[in-house]
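Some notes on the structure that comes next.
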Amino acid sequence: MNRLSIELPGLSLKNPIMPASGCFGFGKEYARLYDLSKLGAIMIKATTLETRLGNPTPRVAETSSGMLNAIGLQNPGLEKVLAEELKWLEQYDVPIIANVAGTLTEDYVEVAKHISKSKNVHALELNISCPNVKCGGITFGTDPTVAAELTAAVKEVSEVPVYVKLSPNVTDIGEIARAVEAGGADGITMINTLIGMRLDTRTGKPVIANGTGGLSGPAVKPVALRMVYEVAKQVSIPIIGMGGVATVDDVIDFMSAGASAVAVGTANFVDPFVCPNIINQLPEKLDWLGLNHVSELVGRSHR
Amino acid sequence: MNRLSIELPGLSLKNPIMPASGCFGFGKEYARLYDLSKLGAIMIKATTLETRLGNPTPRVAETSSGMLNAIGLQNPGLEKVLAEELKWLEQYDVPIIANVAGTLTEDYVEVAKHISKSKNVHALELNISCPNVKCGGITFGTDPTVAAELTAAVKEVSEVPVYVKLSPNVTDIGEIARAVEAGGADGITMINTLIGMRLDTRTGKPVIANGTGGLSGPAVKPVALRMVYEVAKQVSIPIIGMGGVATVDDVIDFMSAGASAVAVGTANFVDPFVCPNIINQLPEKLDWLGLNHVSELVGRSHR
Amino acid sequence: MIRQERMRIVKHKEIAHHIFEMTLAGQLVHDMYSPGQFVHIRVSDSYEPLLRRPISIASINHKDSEFTMIYRAEGRGTTMLSQKQIGEELDVLGPLGNGFPIEEAAPGETVVLIGGGIGVPPLYELSKRLVDKGVKPIHVLGFQSKEAVFYEDFFRELGETHIVTVDGSHGQQGFVTTLLAELQPEFTSYFTCGPTGMLAAIQNMYHDRKGFLSFEERMGCGLGACFACVCKTTDQTEVDYVKVCSDGPVFPAGVVSV
Amino acid sequence: MIRQERMRIVKHKEIAHHIFEMTLAGQLVHDMYSPGQFVHIRVSDSYEPLLRRPISIASINHKDSEFTMIYRAEGRGTTMLSQKQIGEELDVLGPLGNGFPIEEAAPGETVVLIGGGIGVPPLYELSKRLVDKGVKPIHVLGFQSKEAVFYEDFFRELGETHIVTVDGSHGQQGFVTTLLAELQPEFTSYFTCGPTGMLAAIQNMYHDRKGFLSFEERMGCGLGACFACVCKTTDQTEVDYVKVCSDGPVFPAGVVSV
Ligand SMILES: Cc1cc2nc3c(=O)[nH]c(=O)nc-3n(C[C@H](O)[C@H](O)[C@H](O)COP(=O)(O)OP(=O)(O)OC[C@H]3O[C@@H](n4cnc5c(N)ncnc54)[C@H](O)[C@@H]3O)c2cc1C
Ligand SMILES: Cc1cc2nc3c(=O)[nH]c(=O)nc-3n(C[C@H](O)[C@H](O)[C@H](O)COP(=O)(O)OP(=O)(O)OC[C@H]3O[C@@H](n4cnc5c(N)ncnc54)[C@H](O)[C@@H]3O)c2cc1C
Ligand SMILES: Cc1cc2nc3c(=O)[nH]c(=O)nc-3n(C[C@H](O)[C@H](O)[C@H](O)COP(=O)(O)O)c2cc1C
Ligand SMILES: Cc1cc2nc3c(=O)[nH]c(=O)nc-3n(C[C@H](O)[C@H](O)[C@H](O)COP(=O)(O)O)c2cc1C
Ligand code: FES
Ligand code: FES
C-alpha cells in the first residue's frame, strides 16, 4: 500500500506534495537536482496565450519571513509551452497541473482549450488571483459572479478537471469559493499571494519596480491556513492548500485544516530539495501521529 | 525647534511614536520601565461599556515573524477605565487616544460620549476591526456603509476628534477609508490584525482556544505598508500607520508611505523599550536622510 | 525593578535528556528577590522566533551576580537556546512575577515541595531559602522517566526527597499524587510547580490545606499589559481573573480555577 | 553539478572596512569550474532573513577542497554572515551560473580586468587562470575609498594593477572609466564585474570591443526557475531576455541592455 497516495479529480497523486506555480518554472531547473517523478504533481508557471515579458526589475524583495514578487506572469506563451516545456516534461512520470492566466475570459478559454489537450496535463489551475498584472488576474478573483462565470466558461472547453486558484485579498473567501464551486470548479487551490509592499528606507520609494508585489513564504502561513480551514467548511470540492509551507509539519497542518494536497512555493528558493525532503519525511510523521494513510489527515481540525 | 513634533486633529504630538492599542494595556506596566511622558501619545486598550473577560486561553500563539492573538477585548469596562485607568494616566504629560469598541452602534456611542469627556483623552479610535469577537468589531469594518454610519453616529456625540481603525481583512481598503472619511472621521488608524490560525501539529486542533486569531508583528508589515500607501492616495484625512513596526526604519517606511504618525504594537512584547528607543533614534535618522523635520517624511513615496 | 539586560552565559550544559542548565551573569540578578520569579528571554536577534520565552529562576547567586535556570529544549525557541555557547550574550527581561512567599512558612515547620518535570527548578531556590530559615522541606519530584531526572542529589542535600517517574524507570512508579497519597506526609503548607494537570490534582487533593501553586500560561508581554496569560479565578476570590505573569505565577491554593 | 552542502568555515576575517573574506571547505568545490560562478548562501536556519544571498567565488582551491569568497557586510543578511565563527557550518548551494569564458583569451594576448567594489573578487580567480594560461592581465580596480580597498597586492603579483578611489584617498581619484580613458590600454578583450552603472559605462565606452560583463540582479531561486533576475536584451540578440542566475551572470558585451 502506498500510504501517501491521494486521488483527486483528474489527478492520481503518488503523494500530496507538489511545487506551486511560478516557483518551479517548468521543472527543468529542479530536474538537475532530483528526479521530478518523485513529486505528487507539478504546477507549472502561469501560461498565457501570448509570450509575456513580465514586469521591470527588481521583481523580488525580501520581508520578515517572507518575500514579495512581481514577476508579472512572464512566460513563453501557449505555443512554446505546449511544444517545448510540456513535451520535455513528458519524460517524467508526474501529472502536470497547468496554471492558466489571461486578460480577458477569451484568453483563459483559449489557453484552457489547447493546454488541456496536452498528454501530461491532468488538470488546470485557473489563476484568477495574480496580483501583479494590471488587467485580468486578481480582478477575476475578487468578484464572486465574475469568478463563477469564468470558471463555467473554462469548464465548457477544458478536457481535464478545472481547479480555481483563489486570492486571499478578499473580505470573504468563502463566498468566492462557493461561487466557483457553483460555476463548476472541480477543485480549489489556495492561496495566491497577499498584496504587499516594501520601501527603500533611504529613498522612500518602492523596492519592487512594479510598486506592489505578492507576499509569500512562512509569514503568510497563518492567513493561508485560516482561509483553507474556512473554505473547507463551505465547499465539498477538494482543496490544494498552500501559503508558507516549508516543512513536513506545515503539510500536516494544511491537510488537517482541510486540504487534500499541498503545494510548496517560496520554500523551493530557500531549500531546493524541500519537496522530496518533505515526501521522505511524511511516512515517519504519519507513524508519529499513529495514522496509516495520509488521507486520514484531511480535515482533522474539523472533527 | 522640536524636529519630531506632529500636529494632528486633537493631538499635539511631541513625536510621532505611540504604542498601539492592546499592546500597552493602560500604560501602568510600561510606566515601571520608562517615563510615559516621552511618548507621542498612548493608544489604550479597547474600552467597552461593560466589563469584558475576553476569550478562553490560550489566547496567543507564535508564528513566523509574527503572533496571533485572540484576547477578545478583555477590559474593565467604561466606568473603571474612566475612574481608575485614565485618572492614573493624568500624571503623565501625554495625550491619550481611547480605543472604543462595542457590539451595537449604541455601545460605541455610549462609550464615546463619556470617554471623550475625559481630560486627557484627546482623540478616539473606533475599533471597527477587531477580528476576535463574535459580534461587533470587524463586522463594522468590512462594510463601507455600516462603517460610515457608525462613524457619523460617534462623531455626533464625541467631544474630541474621531479616528477610525481599519481592518485589513477586506477586498478594497480604500473604499472603507473613503466611506469613513465621508462619515466624518478626522483620521484613520491602520491596520488592525489579519485573521489567521495556527494548528497544533500533533492534534490538528487550533492552538488558540478561540480557533482563529489576529496576526500581527513584522510578518504583516508589507501588507500594512501597502494599505497605508493605498489609503493615503485616496483620503485627505491623516493616517496613523501600524502593523509590524519594530525599528526606526519601519517608522520611516510607514511615514514615507503616507502615515503622519506611527503606532508600535507587538514589538513592545519583544523589546519593552522599543518606543523610547525609536524616539531616541529618530533625529539621527533624519540627519542621515538630510531632513530637518519628521513631517517631511510624510508621503515621500508618493512624490 | 524590572530590567532588560544582555547577560553573559557563564555555564551551559545538558544535565538530563534534553534538559539544560544555564547560568547567566549580569546586574539584573540583584533585583531577583524571590524563588518562583521568572525571566523572559529572547532566544534570537531575529524575528523568528519572535516572542520571548518565560523561564523560571532555579537559583540565585547574588555574590557572583549570577543566576541559574533549567529548561527543556522542546520547541523551536528552547532548541535554539540550547545551542548557545558559553560567552555569548542573551537578552533577558526580568525578574518578573511574584515568586513563592517564603514568609508563609515559619521556622520549625515542615512543608512539602511538589514539582513536576520542568516545574522542579524553581523549587530548588525555594528549598534553599526555606532551609536557611529553619523550615524542613519534604521534596516530592515527578519526572517522565529516569533520563529526565535532574538535581536529585541537590534536593537530597536539602532534605527528604522522593522521586517518582511515570514509567517507573527511577524512584517509585506513578505520579506525585500517587506517592503523596501513600506517603501521607505531615505538613503545614505545600508549594508546587508543574504541569496544569498536576496542579489541579494537588489543589483538589489538598483542597482544605494551605498551599501555593505556580502556574504556566502562554505569554505575550510578560509584564501584565497584554491580557494573554489570564486565568479564571474561583468563587472564593474577589477578582474575576488573574494574570499569571504579573499577579503570579504563584497563587495561593484556591485562587485559580483549574 | 549543482549541490547543496553544509560547508565548514575554515577562514573568516575582515580584510577592509566591512569587507570580509571567508573560506569554506566541502565537496561542492570540486564542481566549481569557472571564475565568475557564484554560490547561493543561506545565512541563518531561521526564516528571517528568508532568502539566500548570491556571492561570487573569489578563488578556488581544489587541492584542499576549499574556496574563498569576499563580501561586504551591508544589509541584514551579510551582516549576519559576518558574525559567523570559524568552525561553523554554512548552507551553500552551488556552483551556480556560467562564469567568465577563459577560452576567449588566447595565450600571449593582453586583457583588461575591470572591477568595481564587491565586483572585484571574481576577477581574482579569473586573473590567476588567465596568467596560468599565458594571458597578460591589466587590472583596473575601483573602490569607494582607501578603507574599502582589498587584494591590491594579490592583483599586483599577477600583473599590472591600477587602483582608483572615488574620494582619491588611495590610488588615483575618480572612476575606473576615468582611468581607462587616460590609460588607453591596448587589449584584445575585457572582463568586468561591478555595479550596473559601471558596467553600462564600460559597455558604452568599449561598444566595439570584445568584452564580458558580470551582472547583478535581485534573485529568488538562483537556478533559473522563478524569473526574478531577468534582464532585457539589446536588439543585437535573438532572445528577448536573459536570466542573470542561469544564463549569466557573465554575458558577452552587447547582450544585456543597460
Ligand atoms: C512562569 C513560567 C515559568 C516557566 N519556567 C520554565 C522553566 O524553568 N523551565 C522550562 O523548561 N520551562 C519553563 N516554562 C515553560 C517554557 O516557557 C516553555 O517550555 C517554552 O516557552 C516553550 O518554548 P519553545 O520555543 O520550546 O516552544 P514553542 O512551541 O516554539 O513555543 C511557541 C510559543 O508558545 C509558548 N509556549 C509553549 N509552551 C509553553 C508553556 N508550557 N508555557 C508557556 N508558554 C509556552 C512559547 O513561549 C512560545 O511563545 C515556564 C513557563 C512559564 C509561564
Ligand atoms: C551573481 C552575483 C554575485 C555577487 N557577488 C558578490 C560578492 O562576491 N560579494 C559581495 O559582497 N556581494 C556580491 N553580490 C551582491 C550580494 O548578493 C548582495 O550584496 C547581498 O545579497 C545583499 O544582502 P544583504 O543581506 O546584505 O542585504 P539586504 O538589503 O538585507 O538584502 C535584501 C534582499 O535583496 C537582495 N540584494 C540586495 N542587494 C543585492 C545586490 N546587489 N545583488 C543582488 N541581490 C541583492 C538580497 O539578496 C536579499 O534578497 C553578488 C550578487 C550577485 C547577483
Ligand atoms: C516568484 C513567484 C512567482 C509566482 N508565480 C505564480 C504564477 O505564475 N501563477 C500562480 O498562480 N501563482 C504564482 N505564485 C504564487 C504561488 O504559486 C503561491 O500561491 C504563493 O507563493 C503562496 O505559496 P508559498 O508561500 O509557498 O510561496 C508565484 C509565487 C512566487 C513567489
Ligand atoms: C495582544 C494584542 C491585543 C490587541 N488588542 C487590540 C485592541 O484592544 N484594540 C485594537 O484596536 N487593536 C488591538 N490590537 C491590534 C494592534 O493595536 C495593532 O493594530 C496590530 O497588532 C498591528 O500592529 P503590530 O504588528 O505592531 O502589533 C491588539 C494586538 C495585539 C497583538
Ligand atoms: S503575558 Fe501579557 S499580561 Fe501576562
Ligand atoms: S533567480 Fe530565479 S530565475 Fe534567476
Side-chain angles (χ1 to χ4, degrees), chain A residues 61 63-68 141-143 167-172 176 194-206 211-213 215 217-230 244 246-257 285 288-289 297 299-303, chain B residues 61 63-68 141-143 167-172 176 194-206 211-213 215 217-230 244 246-257 285 288-289 297 299-303:
Chain A
T63 68
S64 293
S65 296
M67 67 177 278
L68 293 166
T142 51
D143 181 326
S167 165
N169 302 289
V170 295
T171 308
D172 183 356
I176 314 272
L194 280 160
I195 309 175
M197 193 169 198
R198 180 171 166 175
L199 298 179
D200 180 316
T201 305
R202 211 182 47 71
T203 65
K205 300 289 181 238
T212 59
L215 182 66
V220 309
K221 184 189 157 191
V223 174
L225 205 58
R226 182 265 296 184
M227 289 185 164
V228 168
Y229 183 87
E230 233 171 73
T247 67
V248 66
D249 283 11
D250 296 333
V251 170
I252 309 276
D253 290 349
F254 272 87
M255 296 188 77
S256 300
K285 271 286 159 173
W288 178 68
L289 293 169
L297 286 168
R300 276 200 309 161
S301 307
H302 301 274
R303 290 194 286 265
Chain B
T63 69
S64 293
S65 297
M67 68 177 279
L68 293 165
T142 52
D143 181 327
S167 165
N169 303 288
V170 294
T171 308
D172 183 356
I176 314 273
L194 279 161
I195 308 175
M197 193 169 198
R198 180 171 166 174
L199 298 178
D200 179 315
T201 306
R202 211 182 47 70
T203 65
K205 300 288 181 239
T212 58
L215 182 66
V220 309
K221 184 189 157 191
V223 174
L225 205 57
R226 182 266 295 183
M227 289 184 163
V228 167
Y229 183 85
E230 234 171 71
T247 66
V248 66
D249 282 12
D250 296 334
V251 170
I252 309 277
D253 289 350
F254 271 88
M255 296 187 78
S256 300
K285 270 286 159 171
W288 178 67
L289 293 168
L297 286 167
R300 275 201 308 161
S301 307
H302 301 275
R303 288 193 287 265

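Not measured: the values here are computed from a predicted model.
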Query - Backbone of B:Thr171 reached by a side-chain donor or acceptor of A:Thr171 within 3.5 Å - result: yes
Requested in this report: Pick one of side chain, backbone, both or neither for B:Ala257, based on which atoms fall under 4.5 Å of a heavy atom in chain A.
Outcome: both
Query - Donor + acceptor pair across side chains of B:Ser65, A:Ser65 (<3.5 Å) - result: yes
Query raised in the report: Of the options B:Val248, B:Leu289, B:Asp253, which is the one that meets A:Thr201 in a side chain to side chain contact (heavy atoms under 4.5 Å, CB included)?
Result: B:Asp253
Chain A: which of [options] shares the most heavy-atom pairs with it under 4.5 Å?
{"options": "B:Leu199, B:Asp200, B:Val220, B:Ile252", "answer": "B:Leu199"}
{"options": "B:Pro218, B:Gly299, B:Ala246", "answer": "B:Pro218"}
{"options": "B:Leu194, B:Thr203, B:Val228", "answer": "B:Thr203"}

Query raised in the report: Who wins among A:Thr63, A:Leu297, A:Asp249, A:Asp172 for the most heavy-atom pairs under 4.5 Å with chain B?
Result: A:Asp249
Query raised in the report: Which of the residues A:Ser256, A:Pro222, A:Ala224, A:Pro206 is involved in the greatest number of heavy-atom pairs with chain B at under 4.5 angstrom?
Result: A:Pro222
Requested in this report: Identify the heavy atoms of B:Arg303 and A:Lys205 that sit nearest to each other, and give their distance.
Outcome: O-NZ, 2.7 Å
Report summary line: When every non-hydrogen atom of A:Gly204 is compared with those of B:Ser301, the smallest separation belongs to O-OG, 2.6 Å
Requested in this report: Answer whether the closest heavy-atom distance between the side chains of B:Arg226 and A:Leu68 falls below 4.5 Å.
Outcome: no
Report task. Measure distances from A:Arg202 to the heavy atoms of chain B and classify the residue's part below 4.5 Å as side chain, backbone, both or neither. Result -> both
